[in-house]
Number of protein chains: 2
Amino acid sequence: MGHSQKEKDRSHERIIQEAAAKVREAGLDGVAVAELMQTVGLTHGGFYRHFESRDELVAQAVERALKDGGSAVLAVTHSEAPAAEILGRLIDAYLSEAHRDNLGTSCAVSALVSDVVRGGDRVRAPYTDQVGSYIELLAKLIAPTRNKDRRAKGIAALSSLVGALSLARAVNDPALSREILKASASELKRQLL
Amino acid sequence: MGHSQKEKDRSHERIIQEAAAKVREAGLDGVAVAELMQTVGLTHGGFYRHFESRDELVAQAVERALKDGGSAVLAVTHSEAPAAEILGRLIDAYLSEAHRDNLGTSCAVSALVSDVVRGGDRVRAPYTDQVGSYIELLAKLIAPTRNKDRRAKGIAALSSLVGALSLARAVNDPALSREILKASASELKRQLL
DNA sequence: ATTATCTATAGATCTATAGATAATGC
DNA sequence: ATTATCTATAGATCTATAGATAATGC
């Protein structure tokens, strides 16, 4: 009860981090203030000294979730390997069963698609930015040899990645889910590498 | 107040139909009993003579929404034209601005992805079935000439369609949204036709 | 003295139910 | 008489606030 400013900052950070995971698992409506604070080890009353409102927290949690995913992808990218090899690793990581199964730490562009469609500009603006940087990143990694329109290929690749991961998660049948990941990954690599 | 059985059947049908639209627009959590009944022109009290619970309605609404989309796609398919032409029309229709902008009557496989991931088996089972039939439909339309693995190509095509439509909706920027639709459609057609 | 967190609760929203009302249909 | 719908409300859940409590930090 009643601690230092440093401790408040740590509490604040833990609330956002937990909310960034929860929002990917349960959606924008799935974050409940009392439950969130309990998970962090606090009571719900203190919440409003950290955030002006639930909406404000959700907006910040979405931004954080988008950045989390972005830096995870960039981590794969930072390498001296040739672009084609990096692109292959990116596709494999994005469409892996591990990525599919760990919603809370996963790419928010996939985890939050449907939610963002129904969300306000406060969540759509950072989402749009993140989509833009993924497109640029993919376009840079795609070889310009065959067809010169790298940007179009980058867009199509992002659509495939997001669609395949989302479908693999939604589907009830483990065999079909795995098949969706495998087929989409191998088709993407066949087209781009 | 208090009418015939025929009228009850019509009320029942209108409730499901309205819920099937609302669920695509607002998600599984976005359907509120009182609001729904008001839209249909009834009061909320009568709802429980039509459905055992809200969950029961949502499950039925999702099934209906999936079938709606399925029959819309089949309508494009029923034609004497060659498979390649039908496939082209399907891609153009799915990735059209009209489809993007009319959530309530759109394909539920795209509109409900994130929601279904968080939903119970009651919604995931019919969703999985619908994904299965789309894959089969696409596989049949894909020419077996170049590469014999039509099923893998069907899966990859569905992923692209769902991902592109979802991203085009989520994004804040109209120009980027159009670009996503155009680029994904032309890449898909370049690969498959 | 200040402030981070806690306890308690008001107020709004939503699902579900009970009993009343006004039609239908044998 | 039966029943489809309506009115009224109980009960649960959730956001937000007010005031109390127990630490920090000058």
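Computation of the quantities below employed the complete heavy-atom set of this structure, encompassing side-chain atoms and omitting hydrogens, waters and symmetry-equivalent molecules. Naming convention: chains lettered A, B, ... in sequence-line order (proteins, then strands); numbering from 1 in each chain.
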- A:D9 CG to C:dA4 P, straight-line distance once rounded to whole Å: 9 Å
- Task: Apply side-chain hydrogen bond (donor to acceptor under 3.5 Å, both in side chains) to A:S106 and A:R24, showing your working.
- Result: CA-CA 8 Å; A:S106 75; A:R24 277 172 279 188; 5.4 Å; no
- Item | Residues within residues 14-32 of chain A bordering DNA chain D, heavy-atom distance below 4.0 Å | A:V31, A:A32
- Item | B:Q38 atom CD, over 12 foreign heavy atoms within 6.0 Å | no
- Close residues, residues 33-57 of chain B, relative to DNA chain D [heavy-atom separation under 4.0 Å]: B:L42, B:T43, B:H44, B:G45, B:G46, B:R49, B:H50
- Query: How many Å lie between CD on A:Q5 and P on D:dG25, as a whole number?
  - Reply: 7 Å
- Query: If you write DNA chain D from 5' to 3' in dot-bracket form, with Watson-Crick or G-U pairs under 3.5 Å, [ ] for crossing pairs and | for pairs with another strand, what do you get?
  - Reply: ||||||||||||||||||||||||..
- Item | Partner set under side-chain hydrogen bond (donor to acceptor under 3.5 Å, both in side chains) for B:H50, not counting sequence neighbours | B:H12
- Item | Results of ring-ring contact (aromatic ring centres under 6.0 Å, His included) for A:Y127 - residues two or more places apart only | none
- Task: Establish, with yes or no, whether the OP1 or OP2 oxygen of D:dT5 is under 4.0 angstrom from a side-chain nitrogen or oxygen of B:S11.
- Result: yes
- Measure from the side-chain N and O atoms of B:S110 to the backbone N and O of B:C107, and report whether any donor-acceptor pair falls under 3.5 Å. no
- Query: Just how far, in rounded Å, is C1' of C:dA23 from CD of B:E7?
  - Reply: 9 Å
- Query: Take atom CD in B:E7; do more than 12 heavy atoms of anything else shown fall under 6.0 Å from it?
  - Reply: yes
- Item | Residues, nucleotides or ligands: over 12 heavy atoms within 6.0 Å of A:K189 NZ | yes
- Would you say B:L176 and A:I135 make side-chain contact, with heavy atoms under 4.5 Å? yes
- Message: Please determine whether a side-chain nitrogen of the Lys or Arg among A:E179 and B:R151 lies less than 4.0 Å from a carboxylate oxygen of the Asp or Glu.
- Response: yes
- Who passes ring-ring contact (aromatic ring centres under 6.0 Å, His included) against A:H44, sequence neighbours left out? none
